[in-house]
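Please read these numbers as outputs of a predicted model, since none were measured by experiment.
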Amino acid sequence: MTQARRRLVCPWRGTARRAVLPLCVWLAGAGTALAAETITSARFTEPTSRYAHGVLGDAEEWEALEIKTNNASNDTLSSNAVLRKNTYTIRLPLTSVFEDVAPRLADVDGDGNPEVVVVETSVTQGASLAIYDAKGKRAATPYIGTRNRWLAPVAVADLDGDGFVELAYIDRPHLMKTLRVWRFENGALSEIATFGGVTNHRVGETDIAGGLRDCGTGPEMIVANANWTRLMAVTLQNASLVARDIGPHKNRNSFNRALECR
């Protein structure tokens, strides 16, 4: 396959646990003038063992999210956010943790500036996918509903070219293996499509496989089939998810080659 221009919204593919991600390279509002305060980086801090699920290879998760901006402001800070020298620290209550490899930066609302997308888990209700800015939580998908149940993000992008950004993840990649896509519109998330029989993570792995590519025909989500024998490219078309087989799965190099349009 000829390699074409790729537009990876959040380059977290292959990112290991405890990594720090740079600013995403594909922002929905590219070309828009940056606002006075812009998120420049994010990372998890304050490890905690209060939720020993261990799905990512260890018994520690994260209690706090640290967000750095270029020009911080005290305006409308949420009750669990603290600001020091252009760095916001958002600390979760004892009932929740960040259960994730690293925060992802992406322009979700289309204003030209990134938000932060993370897996936030209730210790009693399992995982959700949440959107934060420097002041606090903007929106989130519902918790799965049972403790020790997780989700693995796939992509944050305008997947169908309608001008709105979608958030995609695999719901319970070790059990249900269902791709879910939610659209962010008017400040809220709504589920628009699902597709079963795919996955992007195995218990104990410290990274999340696959991600998003554009090989010249539009965004494609790269995942594995349920038994990890084949790679699948999934697109959002007319509010439905359409999958095609793009070759055998052997290891992470298979994913890397697919994401590089090879």
Side-chain angles (χ1 to χ4, degrees), residues 1 4 6-14 24 26 28 100 104 106-110 117-119 126-131 139-145 149-186 188-202 208-249 254-261:
M1 182 182 295
R6 299 180 302 283
R7 300 178 295 170
L8 295 179
V9 178
C10 289
W12 69 80
R13 68 177 193 246
C24 298
W26 181 21
D100 205 347
R104 302 150 191 82
D107 180 11
V108 178
D109 60 11
V117 178
V118 296
V119 179
S128 70
L129 195 63
I131 304 166
T141 64
Y143 294 114
I144 290 171
R149 296 294 182 266
W150 187 64
L151 61 85
V154 177
V156 183
D158 180 0
L159 295 174
D160 57 1
D162 67 351
F164 295 102
V165 168
E166 284 80 35
L167 282 68
Y169 62 82
I170 304 291
D171 181 352
R172 286 159 281 185
H174 325 117
L175 297 171
M176 180 169 280
K177 301 181 181 181
T178 297
L179 176 61
R180 298 189 181 277
V181 177
W182 296 70
R183 177 172 292 142
F184 185 79
E185 185 176 1
N186 298 322
L189 288 164
S190 58
E191 189 173 31
I192 60 170
T194 64
F195 185 85
V198 291
T199 187
N200 60 348
H201 187 266
R202 288 177 282 204
I208 296 171
L212 186 70
R213 74 177 188 183
D214 187 338
C215 298
T217 59
E220 296 180 299
M221 293 174 280
I222 305 303
V223 295
N225 66 353
N227 63 6
W228 291 91
T229 59
R230 310 294 296 179
L231 291 183
M232 311 297 292
V234 186
T235 57
L236 180 64
Q237 302 175 19
N238 300 317
S240 296
L241 292 169
V242 179
R244 63 186 181 92
D245 187 317
I246 58 171
H249 169 263
S254 303
F255 280 102
N256 293 338
R257 289 177 63 86
L259 289 167
E260 293 168 0
C261 300

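R180 meets the salt bridge (charged side-chain N to carboxylate O under 4.0 Å, His left out) test with D171, E191; sequence neighbours excluded. In this structure, the side-chain contact (heavy atoms from CB on, under 4.5 Å) partners of A243, at least two apart in sequence or on a different chain, are F195, M232, V234. In this structure T229 satisfies the side-chain contact (heavy atoms from CB on, under 4.5 Å) test together with N225, N227, sequence neighbours excluded. R202 is linked by a salt bridge (charged side-chain N to carboxylate O under 4.0 Å, His left out) to E205, counting only residues two or more places apart in sequence or in another chain. Take E220 and apply the salt bridge (charged side-chain N to carboxylate O under 4.0 Å, His left out) test, not counting sequence neighbours, and it matches R213, R244. Every residue two or more places apart in sequence or in another chain was checked for a salt bridge (charged side-chain N to carboxylate O under 4.0 Å, His left out) with R172, and none qualifies.
Considering L129, I131, L167 in turn, L129 is the only one that fulfils the side-chain contact (heavy atoms from CB on, under 4.5 Å) rule with T141.
To the nearest 0.5 Å, atoms CG (D107) and CG (D158) are separated by 11.0 Å. We find the CG-OG1 distance between L241 and T194 to be 7.0 Å, quoted to the nearest 0.5 Å. Taking CD1 of I246 as the start and OG of S254 as the end, the distance is 9.5 Å to the nearest 0.5 Å. Atom CD of E185 is separated from atom CZ of F164 by 3.5 Å, given to the nearest 0.5 angstrom. Atoms CD and CD1, from E166 and I192 in turn, are 4.5 Å apart once rounded to the nearest 0.5 Å. Distance check, rounded to the nearest 0.5 Å: CD1 of I170 to CG of L175 gives 13.0 Å.
Nearest heavy-atom pair across L179 and A168 is CD1-CB, 4.2 Å. Of all heavy-atom pairs between S128 and P142, the closest is CB-O, 3.8 Å. In terms of heavy-atom proximity, N200 sits nearest to P173 at OD1-CB, 3.8 Å. Contact between A106 and V156 at its shortest, heavy atoms only, is CB-CG1, 3.7 Å. Taking both residues in full, the closest heavy atoms of W150 and I144 are given as O-CD1, 3.4 Å, listed atom of the first, atom of the second, then distance. Summarising the geometry of D214 relative to G216, their closest heavy-atom pair is OD1-N, 2.8 Å, with the distance given to 0.1 Å.
Residue pairs meeting the salt bridge (charged side-chain N to carboxylate O under 4.0 Å, His left out) criterion with at least one member in residues 227-236, sequence neighbours excluded: R230-D245. Sorted by first then second residue, the ring pair (Phe, Tyr, Trp, His ring centres under 6.0 Å) pairs that include residues 208-235, not counting sequence neighbours, are W228-H249.
Side-chain N or O atoms of D160 include none that pairs as donor or acceptor with a backbone N or O of A239 at under 3.5 Å. A distance-only check finds no donor-acceptor pair linking the side chain of T199 to the backbone of K177 [under 3.5 Å].
By the 4.5 Å heavy-atom criterion applied to side chains, V154 and V181 are not counted as neighbours.
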